[in-house]
Undergrad: 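Pasting a structure below so you can have a look.
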Amino acid sequence: MSVDQHQSPQNEQRSGIGTLNEHSLHADLIRHLIKKGDLVEADVEGYVADILRGDAIIEVQTRQLASLKKKIAAFSENYQVEIIHPITEIKWIVRKNAEGEIVSRRKSPKRGRVEDVFTELVRAWNLIDSPNVKLTIVFIEAEEVWLDDGKGSWRRKYWSISERNLLKIHQQVSFQEPRDFIQLLPPTLEQPFTNKQLSNQLGIRTNLAGKITYTLRKMDVLKFVSKTGNQYQFVINKDY
């Protein structure tokens with residue numbers, strides 16, 4: 001579904017270190033989400049909540065969902081919690097020289113897709129166990145700024161990533177409970193199925209298909225039923 005653009009209120013309340021002054025994807029998403037009356041970086045249950053809106057908390061996490069588990073467990077005791085996780089659908093790469101001047105800008109051929117969330121959920125499969133917790137994936141267009149400082153990864157020929165900036169939010173999808181992830185399985189997928197069959201149906205790497213089936217098994221959404229050769233076979237758990 002489409003996501004409306006929100007204007008950031010001029011008098012938003014904030015506490016803590018002032019995330020909104022930072023230039024980052026995390027801060028950009030918070031600026032997009034805040035409404036008048038929200039508390040930003042509020043102290044809640046011994047942790048810092050990105051946005052506190054009455055009895056609801058919005059937590060933006062761009063990566064490492066597993067690091068949220070204790071924090072979300074504490075929040076969900078007394079609050080409704082929505083975790084916002086962005087997936088970059090369109091990415092622009094901007095290169096800057098050592099003096100900070102732009103030398104090129106191009107669109108990356110890689111496009112993020114909803115299944116990419118399982119690269120995080122494979123280590124955080126119990127993140128939305130509580131009925132008070134919802135995971136919302138937002139598909140974004142973003143800009144990644146590379147700096148020619150000789151300090152980055154060899155994969156980028158030692159260019160560093162200095163900024164990730166939000167350009168646009170396209171759409172979003174939410175998961176209120178583990179069983180909601182069944183909607184990501186192709187309707188034409190026969191059961192039982194293997195990781196290879198799932199990867200072929202979705203057009204993804206077999207490694208990612210394995211992360212999907214592992215995560216959904218841990219969530220009790222899928223069941224292992226047999227093994228043929230070196231291929232495990234799974235079915236949807238009808239008793240869940």
Side-chain angles (χ1 to χ4, degrees), residues 1-6 25-26 28-35 49-51 53 56-69 71-72 75-76 79-91 108 110-143 164-189 193 198-199 201-205 207-222 234 236-237 240:
M1 95 185 130
S2 298
V3 178
D4 295 331
Q5 296 289 336
H6 298 293
L25 178 58
H26 180 267
D28 287 345
L29 284 165
I30 292 176
R31 272 190 288 267
H32 172 84
L33 292 164
I34 56 177
K35 297 180 180 179
D50 284 335
I51 299 174
R53 183 178 294 160
I57 288 172
I58 300 173
E59 192 69 19
V60 175
Q61 191 74 0
T62 61
R63 62 185 70 188
Q64 297 179 342
L65 289 177
S67 66
L68 281 181
K69 288 190 285 188
K71 186 178 188 180
I72 298 303
F75 288 166
S76 63
Y79 295 87
Q80 294 292 319
V81 184
E82 182 175 17
I83 303 164
I84 304 293
H85 178 66
I87 288 179
T88 304
E89 196 169 31
I90 298 174
K91 180 167 70 176
S108 170
K110 296 181 179 179
R111 293 180 66 92
R113 47 189 295 170
V114 66
E115 292 86 3
D116 293 337
V117 71
F118 287 95
T119 62
E120 295 290 339
L121 285 178
V122 72
R123 295 181 295 276
W125 52 268
N126 57 348
L127 193 61
I128 60 170
D129 270 357
S130 169
N132 291 338
V133 182
K134 175 172 67 174
L135 173 65
T136 296
I137 297 172
V138 292
F139 296 92
I140 66 169
E141 184 172 346
E143 184 178 74
R164 289 184 175 91
N165 302 314
L166 177 68
L167 299 179
K168 189 182 296 183
I169 291 181
H170 294 160
Q171 58 184 356
Q172 68 182 38
V173 59
S174 295
F175 302 90
Q176 186 73 59
E177 59 181 1
R179 195 164 184 84
D180 291 343
F181 288 101
I182 291 177
Q183 66 184 287
L184 300 184
L185 299 179
T188 55
L189 185 66
F193 63 90
L198 180 60
S199 69
Q201 288 260 337
L202 290 174
I204 60 174
R205 303 181 311 277
N207 176 266
L208 180 55
K211 290 178 179 179
I212 293 173
T213 55
Y214 174 86
T215 303
L216 296 185
R217 282 180 63 202
K218 296 292 286 185
M219 290 178 172
D220 288 329
V221 173
L222 293 182
F234 311 95
I236 293 173
N237 185 2
Y240 177 74

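Below, each value reflects all heavy atoms present in this structure, side chains not excepted, and no hydrogens, waters or symmetry copies.
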Undergrad: Of all heavy-atom pairs between Asn237 and Arg179, which one has the smallest distance, and what is that distance?
TA: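 For Asn237 versus Arg179, the nearest heavy atoms are O-NH1, 3.2 Å.
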Undergrad: Decide yes or no on side chain to side chain contact (heavy atoms under 4.5 Å, CB included) for Val221 and Trp125, but give the supporting numbers first.
TA: CA-CA 11 Å; Val221 173; Trp125 52 268; over 6 Å; no
Undergrad: Does Gln64 have more than 12 heavy atoms from other residues, nucleotides or ligands lying within 6.0 Å of its CD?
TA: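 At most 12 heavy atoms, drawn from other residues, nucleotides or ligands, come within 6.0 Å of this atom.
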Undergrad: Are side-chain heavy atoms of Arg164 and Thr88 found at a separation under 4.5 Å?
TA: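 In short, these two side chains do not touch, never coming nearer than 4.5 Å.
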Undergrad: Atom CD of Glu141 and atom CD1 of Ile169: how far apart are they, to the nearest 0.5 Å?
TA: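 CD1 of Ile169 is found 11.5 Å from CD of Glu141.
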Undergrad: Are any of the side-chain heavy atoms of Leu184 and Phe175 separated by less than 4.5 Å?
TA: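 In contact.
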Undergrad: Counting only N and O atoms by type, is there a donor-acceptor contact under 3.5 Å from the side chain of Glu120 to the main-chain atoms of Val117?
TA: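 Side chain of Glu120 to backbone of Val117, a donor-acceptor pair under 3.5 Å: no, none is there.
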Undergrad: Does the pair Arg113/Asp116 count as a salt bridge with the N-to-O cut at 4.0 Å?
TA: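 Not counted as a salt bridge, because no side-chain N and carboxylate O are separated by less than 4.0 Å.
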Undergrad: Would Leu29 and Asp50 count as a side chain to side chain contact (heavy atoms under 4.5 Å, CB included) if you check the C-alpha gap in whole Å, the side-chain angles of each, and the deciding distance to 0.1 Å?
TA: CA-CA 10 Å; Leu29 284 165; Asp50 284 335; over 6 Å; no
Undergrad: How many angstroms lie between atom CD1 of Ile87 and atom CD of Glu115, to the nearest 0.5 angstrom?
TA: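 That separation rounds to 8.5 Å.
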Undergrad: Which value, rounded to the nearest 0.5 Å, describes the distance between Ile128 atom CD1 and Ile83 atom CD1?
TA: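 The CD1 atom of Ile128 sits 8.0 Å away from the CD1 atom of Ile83.
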Undergrad: Under the salt bridge (charged side-chain N to carboxylate O under 4.0 Å, His left out) test, which residues partner Lys71, sequence neighbours left out?
TA: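 Glu59.
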Undergrad: Nearest 0.5 Å, what's the CD1-CD1 distance between Ile236 and Ile182?
TA: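 Answer rounded to 0.5 Å: 5.0 Å.
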Undergrad: Which heavy atom in Ile140 sits nearest to a heavy atom in Pro86, and how many Å separate them?
TA: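 That would be CD1-CB, 4.0 Å.
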Undergrad: Restricting to side chain to side chain donor-acceptor pair (under 3.5 Å), what partner residues turn up for Thr136, sequence neighbours left out?
TA: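 Expected list: Glu82, Ser174.
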Undergrad: Could you give the distance from CG (Asp129) to CE (Met219), rounded to the nearest 0.5 Å?
TA: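 CE of Met219 is found 8.0 Å from CG of Asp129.
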Undergrad: Checking Glu89 now: which residues fulfil salt bridge (charged side-chain N to carboxylate O under 4.0 Å, His left out) with it, not counting sequence neighbours?
TA: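 Listed in chain order: nothing, the list is empty.
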Undergrad: Quick check: does any side chain N or O of His85 sit under 3.5 Å from a backbone N or O of Ile137, one acting as donor and the other as acceptor?
TA: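 Side chain of His85 to backbone of Ile137: no pair is present.
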Undergrad: Is there a side-chain contact between Asn207 and Lys211 (heavy atoms, below 4.5 Å)?
TA: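 Touching, per the 4.5 Å side-chain cut-off.
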Undergrad: Is there a side-chain contact between Leu208 and Leu202, using heavy atoms and a 4.5 Å cut-off?
TA: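 A side-chain contact is absent here, since even the closest heavy-atom pair is not under 4.5 Å.
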Undergrad: Tell me every residue that passes side chain to side chain donor-acceptor pair (under 3.5 Å) with Thr213, counting only those two or more places apart in sequence or in another chain.
TA: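 Scan of Thr213 (side chain to side chain donor-acceptor pair (under 3.5 Å), adjacent residues dropped) gives Asn195.
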Undergrad: Can you see which heavy atom on Tyr214 is nearest to which on Val122, and at what distance?
TA: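 Looking at all heavy atoms of both residues, the shortest contact is CD2-CG2, 3.5 Å.
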Undergrad: Could you please spell out the steps behind the side chain to side chain contact (heavy atoms under 4.5 Å, CB included) verdict for Asn132 and Val81?
TA: CA-CA 6 Å; Asn132 291 338; Val81 184; 5.6 Å; no
Undergrad: Would you sort out whether Ile51 and Val60 count as a side chain to side chain contact (heavy atoms under 4.5 Å, CB included), showing the intermediate values?
TA: CA-CA 9 Å; Ile51 299 174; Val60 175; 5.5 Å; no
Undergrad: Can you name the salt bridge (charged side-chain N to carboxylate O under 4.0 Å, His left out) partners of Arg217, sequence neighbours left out?
TA: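 For Arg217, no residue satisfies salt bridge (charged side-chain N to carboxylate O under 4.0 Å, His left out) once neighbours in sequence are set aside.
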Undergrad: Do Gln61 side-chain atoms and Arg63 backbone N/O form a donor-acceptor pair below 3.5 Å?
TA: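 It does hold such a pair.
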Undergrad: With sequence neighbours left out, write down each residue that passes ring pair (Phe, Tyr, Trp, His ring centres under 6.0 Å) with Phe118, or none if nothing qualifies.
TA: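 So Phe118 forms a ring pair (Phe, Tyr, Trp, His ring centres under 6.0 Å) with Phe181.
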Undergrad: Looking only at non-hydrogen atoms, find the nearest pair between Arg123 and Thr119 and report the distance.
TA: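 Closest approach of Arg123 to Thr119, heavy atoms only: NH2-O, 3.2 Å.
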Undergrad: Do Leu127 and Lys69 have side chains that get closer than 4.5 Å, going by heavy atoms?
TA: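 Yes - at least one pair of side-chain heavy atoms lies under 4.5 Å apart.
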Undergrad: Testing the basics here: between Ala209 and Ile204, what is the closest heavy-atom pair and its distance to 0.1 Å?
TA: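 Result for this residue pair: N-CD1, 3.8 Å.
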Undergrad: If you measure from CD1 on Ile57 to CD1 on Ile72, what distance do you get to the nearest 0.5 Å?
TA: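 Rounded to the nearest 0.5 Å, the CD1-CD1 separation comes out at 7.5 Å.
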Undergrad: Tell me the closest heavy-atom pair linking Pro186 and Leu198, and the distance in Å.
TA: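 In terms of heavy atoms, the two residues are closest at CD-CD1, 3.9 Å.
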